[in-house]
Amino acid sequence: MAQKSLQDLFDIFLNQQPLFIKKEALQETHTPENVPHREEQVKQLATILVHTLRGEKPSNIFIYGKTGTGKTLVSKFICGEIGKRAKTHGLNLIALYLNCKIDKINTPYRLFAHILYQLGEQVPVTGLPTEEVYRKFIQTLDKNKSTFILILDEIDSLTDTSTLYNLTRVNTQLQNSRVSLIGISNSSGFTNNLDPRIRSSLSEEELVFPPYNAPQLKDILFKRAEIALRPGVLEEGVIEKCAALAAQEHGDARRALDLLRVAVELAERNGEPSVTINHVDTAQKKIDTDRVVEIIKTQPRQSQLVLYSIIYLKDLEKGDISTGDIFEIYGKLCKKYNLTPLTQRRVSDLISELEMLGLIGANIISKGRYGRTRTISLDVVGTALEKGREILKYELA
DNA sequence: CTTCCACAGGAAGGTCTGGCGG
DNA sequence: CCGCCAGACCTTCCTGTGGAAG
């Protein structure tokens with residue numbers, strides 16, 4: 001019986017016409033041949049960077065805009081194009097792209113090590129003094145006799161300011177090369193709390209990427225879908241639905257593409273011949289849930305326990321949750337699960353981290369005579385919350 | 001007006017792991 | 001093997017603070 005149904009399952013997949021013809025076009029890694037609805041930004045960037053083609057050092061650039069507004073895409077696109085042109089002109093131009101968050105670049109050591117790695121130099125992850133890596137970094141850049149365009153994506157996760165300071169001063173140490181920086185951030189406030197000298201150096205030019213609106217998202221999706229999917233697999237309104245949902249979410253194109261891709265995946269998995277609006281709804285839930293589950297799973301034990309305490313308090317429905325409440329419950333749970341409790345100072349930091357991850361919300365409020373604290377709310381709801389609770393129980397047991 | 005709660009969150013330093021070069 | 005290094009993770013100690021209560 002079980003075997004028969006398995007055979008049926010194979011049959012369904014084998015007889016089914018695939019819905020995707022080039023799934024890659026709906027994934028983040030895909031760089032399209034042009035960047036629709038970002039013409040203005042492309043032009044501005046190009047105008048600034050064109051100096052590199054004359055071998056001059058262009059201004060440093062700071063780019064901001066929310067997630068999925070095309071910052072990364074445009075920067076990479078431009079560098080590719082300029083690279084091509086530099087080649088035909090016989091100029092030495094090297095564009096390097098680094099994502100500070102993904103590559104965990106938060107110290108000068110790591111920054112230099114990553115750049116060196118991209119230039120084909122091996123540097124150990126740890127063990128060497130930072131000084132030595134820095135020396136090698138300068139040497140290698142100079143040896144290349146090139147203009148470097150250094151793209152630092154998610155630069156706001158680079159909290160250590162000495163890293164940025166080092167970078168803005170690199171040019172003074174170089175004889176034969178030039179470095180110009182493109183910093184990318186999604187919070188516009190990032191530069192505000194920087195050292196004024198670093199700020200002015202970093203944002204000699206500033207570019208803002210506005211969110212896409214629903215019609216623009218629709219157009220982008222349509223173009224990508226043409227490449228990615230077999231014609232006619234999308235039912236009426238599917239693209240519009242994805243665009244609308246993503247537009248609500250601050251015009252995030254990545255979200256829109258994810259929605260569409262997951263919706264198609266769901267349809268394909270169920271052996272259905274076309275994608276419906278229902279698939280998009282399900283995709284929305286699935287993306288949320290998957291994200292939450294993934295975060296919870298990768299969180300260290302102590303952090304999981306803090307989150308569990310918050311969920312526990314939330315279930316009690318006793319109104320506002322304060323740091324003190326959490327710490328109290330957390331302490332009890334530590335006993336129960338046989339973990340040595342951390343200090344309140346540390347738990348406070350863990351709470352901040354959970355906030356950064358978007359699992360909880362935290363607001364500082366003052367209750368006058370009764371102190372000043374953060375009130376914490378749970379940002380995870382519905383299916384994602386149920387699933388999260390499950391995972392936590394399993395992980396902590 | 002002052003007092004004072006219940007924390008926020010900065011600073012400095014400790015401990016441990018994993019890796020370096022000699 | 002040694003002495004040294006970076007980084008993750010914590011602790012200890014600390015100063016700062018919005019606003020209801022007195």
Side-chain angles (χ1 to χ4, degrees), chain A residues 98-117 121-140 154-167 187 189-190 192-195 198 295-310 313 318-335 337-357 359-378 395-396:
Chain A
L98 297 171
N99 186 309
C100 300
K101 197 166 183 182
I102 293 171
D103 298 334
K104 296 214 177 112
I105 299 171
N106 45 23
T107 59
Y109 188 105
R110 291 201 170 149
L111 178 71
F112 304 143
H114 267 88
I115 295 170
L116 283 167
Y117 177 75
E121 299 275 343
Q122 289 292 342
V123 178
V125 186
T126 176
L128 300 181
T130 306
E131 276 291 294
E132 197 172 321
V133 182
Y134 182 66
R135 224 176 300 131
K136 192 168 180 184
F137 168 72
I138 294 293
Q139 265 174 26
T140 309
E154 308 208 51
I155 199 170
D156 33 333
S157 70
L158 215 162
T159 42
D160 178 6
T161 47
S162 69
T163 313
L164 284 175
Y165 181 71
N166 272 319
L167 263 182
S187 70
F190 174 66
N192 290 347
N193 31 23
L194 282 179
D195 184 299
I198 300 175
I295 292 175
I296 292 178
K297 271 188 184 165
T298 53
Q299 229 36 33
R301 204 100 311 175
Q302 296 284 4
S303 201
Q304 288 175 343
L305 206 53
V306 172
L307 181 60
Y308 196 61
S309 312
I310 295 169
L313 281 163
K318 281 203 181 146
D320 289 351
I321 303 170
S322 72
T323 303
D325 301 336
I326 296 172
F327 188 63
E328 192 190 327
I329 298 298
Y330 160 82
K332 286 181 184 160
L333 286 174
C334 275
K335 218 168 235 169
Y337 290 111
N338 234 345
L339 283 164
T340 35
L342 303 173
T343 55
Q344 180 159 338
R345 179 69 187 85
R346 181 64 187 142
V347 169
S348 172
D349 278 346
L350 292 180
I351 291 171
S352 301
E353 282 169 30
L354 289 173
E355 188 198 3
M356 298 271 240
L357 291 166
L359 296 185
I360 61 171
N363 278 310
I364 304 169
I365 58 139
S366 175
K367 289 184 289 190
R369 164 68 31 130
Y370 304 106
R372 220 165 84 96
T373 181
R374 285 185 289 188
T375 46
I376 284 97
S377 59
L378 200 57
E395 291 275 325
L396 291 168

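Throughout, a chain's letter reflects where its sequence line sits, starting with A, and its residues are numbered from 1.
- Taking 4.0 angstrom as the limit, A:S348 places a side-chain polar atom (N or O) nearer than this to OP1 or OP2 of B:dA8.
- Between the P atom of B:dA6 and the CD1 atom of A:I376 lies a distance of 16 Å, rounded to the nearest Å.
- With rounding to the nearest 0.5 angstrom, the CG atom of A:L357 is 5.0 Å from the CD1 atom of A:I295.
- In this structure, OG1 on A:T323 lies 4.0 Å from CD1 on A:I376, to the nearest 0.5 angstrom.
- The side chain of A:S322 places no N or O atom within less than 4.0 Å of a non-bridging phosphate oxygen (OP1 or OP2) of B:dA6.
- Interatomic distance, CG of A:L354 versus CD1 of A:I296, reported as 9.0 Å (0.5 Å rounding).
- The side-chain hydrogen bond (donor to acceptor under 3.5 Å, both in side chains) search around A:N99 returns A:E154, not counting sequence neighbours.
- If you check B:dC7, C:dC9, B:dG9 against the side chain of A:R346, the one that comes closest is C:dC9.
- In this structure, CD of A:Q344 is placed 17 Å from P of C:dC14, rounded to the nearest angstrom.
- A:D349 places its CG atom 13 Å from the C1' atom of B:dC7, with the value rounded to the nearest Å.
- Look at CD on A:E131: it is 14 Å from C1' on C:dA6, rounded to the nearest Å.
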Would you mind writing out the side-chain donor-acceptor pairs for residues 366-374 of chain A within the sub-3.5 Å range, not counting sequence neighbours?
residue, atom, partner, partner atom, Å
A:S366, OG, A:G368, N, 3.3
A:R374, NH1, A:S352, OG, 2.9
A:R374, NH2, A:S348, O, 2.9
A:R374, NH2, A:S348, OG, 3.1

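- Under the salt bridge (charged side-chain N to carboxylate O under 4.0 Å, His left out) criterion, A:K104 pairs with no residue at all, not counting sequence neighbours.
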Hey, can you pull the donor-acceptor pairs under 3.5 Å for the side chains in residues 340-347 of chain A, sequence neighbours left out?
residue, atom, partner, partner atom, Å
A:T343, OG1, A:R346, N, 3.4
A:R345, NH1, A:D349, OD1, 3.0
A:R345, NH1, A:D349, OD2, 3.4

Collect all protein-nucleotide pairs involving nucleotides 11-21 of chain B in which both atoms are nitrogen or oxygen and the distance is under 3.5 Å.
residue, atom, partner, partner atom, Å
B:dG18, N2, A:T126, OG1, 3.1

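- For the pair A:I351 CD1 and C:dC10 P, the interatomic distance rounds to 14 Å; values are reported in whole Å.
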Please table the atom pairs, donor to acceptor, closer than 3.5 Å between any side-chain atom in residues 121-139 of chain A and protein atoms at least two apart or in another chain.
residue, atom, partner, partner atom, Å
A:K136, NZ, A:Q122, O, 3.4

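- For residues 298-309 of chain A, the set of pairs meeting the side chain to side chain donor-acceptor pair (under 3.5 Å) definition, not counting sequence neighbours, comprises A:Q299-A:S303, A:R301-A:Q304, A:R301-A:E395, A:Q302-A:Y330, A:Q304-A:E395.
- Between the C1' atom of C:dC9 and the CD atom of A:Q304 lies a distance of 16 Å, rounded to the nearest Å.
- Between the CD1 atom of A:I365 and the P atom of B:dA6 there is a distance of 13 Å, rounded to whole Å.
- In terms of the side-chain hydrogen bond (donor to acceptor under 3.5 Å, both in side chains) criterion, residue partners of A:S322 (sequence neighbours excluded) are, by chain and number, A:D325.
- Dense packing is recorded around OH of A:Y337, with more than 12 heavy atoms of other residues, nucleotides or ligands lying under 6.0 Å away.
- Within the model, atoms CG of A:L98 and NE2 of A:H114 stand 7.0 Å from one another, a figure rounded to the nearest 0.5 Å.
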Could you list the protein-to-nucleotides 16-21 of chain C atom pairs, N/O on both sides, closer than 3.5 Å?
residue, atom, partner, partner atom, Å
C:dT17, O2, A:R372, NE, 3.1
C:dG18, N2, A:G368, O, 3.0
C:dG18, N3, A:S366, OG, 2.8
C:dG19, O4', A:S366, OG, 3.1
C:dG19, N2, A:G368, O, 3.2
C:dA20, N3, A:R369, N, 3.4

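- The rotation axes computed at either terminus of the helix from B:dC1-C:dG22 to B:dG22-C:dC1 lie 20° apart, taking five pairs at each end and rounding to 10 degrees.
- Interatomic distance, CG of A:L396 versus CG of A:L333, reported as 8.5 Å (0.5 Å rounding).
- Note that CG of A:L350 is 10.0 Å distant from CG of A:L305, once rounded to the nearest 0.5 Å.
- Near-neighbour residues of DNA chain B inside residues 99-116 of chain A, defined by a heavy atom below 4.0 Å, are absent.
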